[in-house]
Every structure is written in C-alpha cells, then in structure tokens.
Amino acid sequence: GGTIEVTDLVVTYGSATALDHVRLSVRSGEMVALLGPNGAGKSTLADTLSGILTPRSGTVEVGGRLAHIPEGRQLFPDLTVEDNLSLGGWRSRERDPAFVFDLLPRLAELRKRRAGVLSGGEQQMVAFGRAMMSRPDVLVVDELSLGLAPMVTRDLAAHLVALNREQGLTVLLIEQNARLAFGVCERAYVLEAGRVVAEGPCAELAESP
Ligand code: ADP
Ligand code: ADP
C-alpha cells in the first residue's frame with residue numbers, strides 16, 4: 001500500500017484558515033480514520049491530498065497512487081455504470097472494469113444501468129469502484145456513510161476492510177460517524193476547527209469523553 005505524510009500543513013481560503021499546522025501520517029497498509037464535525041477541515045485535507053488545493057505552507061507527501069471518493073460521489077448520471085467506471089481509469093489508462101467487477105461483484109450486475117437511477121448505496125459502490133479503476137495504493141474516502149442506511153454503510157465498509165486486509169490497500173476514512181470509523185479503523189485523528197485535537201488508537205479514543 002501507499003503512504004501519506006502531512007507535516008505542518010496550513011491551507012487557507014482567502015483570509016480564513018481551514019487547516020492550521022496539521023500533522024498526519026498513514027503507513028503502508030494502515031486503515032486510519034479522520035474524524036471531526038462539519039467545518040473542521042476534513043474535505044479541505046482530502047482536496048489537498050488529491051492536489052485540488054495548494055497548501056499555503058507545510059508539506060504533503062503521498063507515496064504511491066492516490067484515489068479519492070469525493071463526498072458528492074460525482075457520477076455521470078446519464079452514463080452506465082461501466083462507462084462511469086471506465087472514466088475512472090484515466091490515470092492508469094485502465095479501460096476494462098473486469099478487475100473491479102471481481103473486487104465488487106455487485107457492480108457487475110449493475111453494469112448496464114444508468115448511474116442516475118441507482119440507489120444511494122449503489123451509487124456509492126460505483127464511486128468506490130471508479131476510484132479503484134486507477135489501481136490506487138492509497139484510497140481517501142470522504143463520508144462513506146453520507147445519506148446511507150446503516151446496513152448499506154456496513155456493507156460498503158466491509159468491502160473497504162477486505163481490500164485493506166487482502167490487497168494491502170492503505171485507507172484514510174473521513175467520517176462524521178465516529179462509531180462507524182472506530183469499528184473498522186485501528187487509529188484515528190480528530191480534527192476540530194482546522195487543528196488536530198486528538199490522535200491515537202481507536203480503542204483509546206472511543207473511551208475518552
Ligand atoms: P462539508 O460537508 O465537507 O463541510 P460543505 O457542504 O460545507 O462541505 O461544502 C460544500 C462545497 O461548498 C465545497 O465545495 C466547499 O469547498 C464549499 N464551501 C464550503 N464552505 C464554504 C464557504 N464558506 N465559502 C465558499 N465555499 C464553501
Ligand atoms: P469539513 O469537511 O470537515 O466539513 P471543510 O474542509 O469543508 O470541513 O471546511 C473547513 C472550513 O473551510 C469551513 O469553515 C468551511 O466553511 C471553509 N471552506 C471550505 N471550502 C471553502 C471555500 N471553497 N471557500 C471558503 N471557505 C471554505
């Protein structure tokens with residue numbers, strides 16, 4: 001798996017500081033959670049890791065290929081599932097989604113459906129598969145559970161865990177739902193108002209008030 005090394009990261013929107021000297025590191029094969037309330041700076045960190053935002057100062061080093069499941073999923077609703085997947089392969093020139101159908105068999109059943117008619121959970125599965133098309137070493141997942149029923153979320157999380165355990169995929173799971181994250185990650189960072197206010201093993205964080 002890949003690695004993430006963030007040191008002393010400062011990101012601003014105009015005069016507003018969204019990330020304030022953030023330090024975070026994820027080792028190869030780890031599954032780490034990034035928790036925090038709305039507005040804490042989680043998406044800003046994801047967008048900085050993806051290269052969409054440029055740091056004001058500090059460093060962001062990603063070892064390996066990084067893929068990002070964005071919070072908004074951003075599928076093409078009028079394209080089929082397999083065409084949405086093919087579009088996700090541009091970074092690795094991968095066009096054939098067959099290997100993603102092996103990883104996520106449910107997507108093979110949906111391949112000819114238009115993405116726009118699928119349920120929220122199915123759409124999140126497509127977004128997941130599309131991210132895997134670039135054959136990433138690190139996967140950043142922004143709000144896996146957003147708008148999904150708990151059972152659907154658990155099913156998607158189980159697929160993530162399997163990829164982490166079986167393929168060594170490094171995962172940064174960005175979540176507002178701490179209980180979900182504690183259930184699948186070993187370690188977590190807690191972000192509040194742009195600062196890391198806690199970090200450590202999930203078992204310890206889950207006990208602290
Ligand atoms: P999140 O749930 O991650 O906090 P939001 O719903 O706050 O996301 O933001 C949705 C979109 O609006 C994002 O693209 C974000 O960059 C943008 N956005 C968020 N806050 C502001 C703001 N204060 N001014 C302008 N754009 C914003
Ligand atoms: P989170 O993902 O944890 O909800 P965000 O990274 O979306 O937090 O936002 C962090 C802070 O930056 C918030 O105060 C938000 O309003 C602000 N923000 C996010 N995007 C923009 C933007 N495009 N322009 C201005 N402010 C933004």
Side-chain angles (χ1 to χ4, degrees), residues 2-26 30-62 66-75 88 120-121 123-128 130-131 134 136 138-150 152-154 156-157 160 164 169-202 204-206 208-209:
T3 57
I4 297 174
E5 198 68 51
V6 169
T7 310
D8 234 9
L9 178 65
V10 178
V11 178
T12 56
Y13 295 104
S15 61
T17 302
L19 294 175
D20 188 3
H21 297 278
V22 166
R23 197 197 65 74
L24 172 146
S25 87
V26 184
E30 267 196 307
M31 190 152 168
V32 172
L34 177 63
L35 307 171
N38 235 320
K42 303 182 301 297
S43 297
T44 299
L45 182 57
D47 288 345
T48 308
L49 291 171
S50 305
I52 298 167
L53 293 174
T54 305
R56 166 162 287 246
S57 61
T59 58
V60 172
E61 287 170 44
V62 176
L66 181 137
H68 177 200
I69 304 179
E71 186 178 343
R73 287 168 204 154
Q74 295 168 14
L75 303 177
Q123 290 190 11
Q124 185 67 296
M125 184 76 87
V126 177
F128 186 177
R130 186 184 53 184
S134 67
V138 187
L139 185 61
V140 177
V141 186
D142 204 343
E143 300 288 348
L144 182 77
S145 64
L146 195 77
L148 301 180
V152 175
T153 302
R154 276 199 297 275
L156 284 161
L160 261 186
N164 170 256
L169 178 71
T170 302
V171 179
L172 181 64
L173 186 67
I174 300 179
E175 267 297 334
Q176 282 196 45
N177 180 345
R179 227 167 56 155
L180 168 74
F182 288 159
V184 294
C185 295
E186 289 148 49
R187 215 155 57 77
Y189 290 83
V190 183
L191 206 55
E192 260 177 48
R195 291 168 184 262
V196 174
V197 295
E199 68 171 286
C202 290
E204 288 174 20
L205 290 175
S208 61

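Quick note: numbers below take in every heavy atom, side chains included, and nothing from hydrogens, waters or symmetry partners. Every number for a ligand or one of its atoms is a count from 1 in the order of the listing.
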Only heavy atoms of [X], strictly under 4.0 Å: list the atoms of ligand 2 that pass.
{"X": "Gly41", "result": "1 (P), 3 (O), 5 (P), 6 (O), 8 (O), 10 (C)"}
{"X": "Ser43", "result": "1 (P), 2 (O), 6 (O), 7 (O)"}
{"X": "Pro37", "result": "3 (O)"}
{"X": "Thr44", "result": "5 (P), 6 (O), 9 (O), 10 (C)"}
{"X": "Asn38", "result": "4 (O)"}

Calculate, to the nearest 0.5 Å, the distance between atoms CG and OG1 belonging to Leu9 and Thr48 respectively.
5.5 Å
Side-chain donor-acceptor distances from residues 181-189 under 3.5 Å, at least two apart:
from   : atom 1 : to     : atom 2 : distance (Å)
Arg187 : NE     : Glu30  : OE2    : 2.8
Arg187 : NH1    : Tyr189 : OH     : 3.3
Arg187 : NH2    : Ser25  : O      : 2.7
Arg187 : NH2    : Glu30  : OE1    : 3.0
Tyr189 : OH     : Ser25  : N      : 3.1
Tyr189 : OH     : Ser25  : O      : 3.2

Exactly one candidate in Val190, Leu24, Val26, Leu173 meets side-chain contact (heavy atoms from CB on, under 4.5 Å) with Leu34; the answer is Leu24
Nearest non-hydrogen partners of Ala131 and His68, listed with the distance:
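Result for this residue pair: CB-O, 4.4 Å.
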Test of proximity, Ala40 against ligand 2: N or O pairs below 3.5 Å
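Yes, at least one N or O pair falls under 3.5 Å.
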Has Ala16 got any heavy atom lying under 4.0 angstrom from an atom of ligand 2?
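No.
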Against ligand 2, does Gly194 come closer than 4.0 Å with any heavy atom?
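Contact check Gly194 vs ligand 2: negative.
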Side chain to side chain donor-acceptor pair (under 3.5 Å) against Thr153, all qualifying residues, sequence neighbours excluded
none
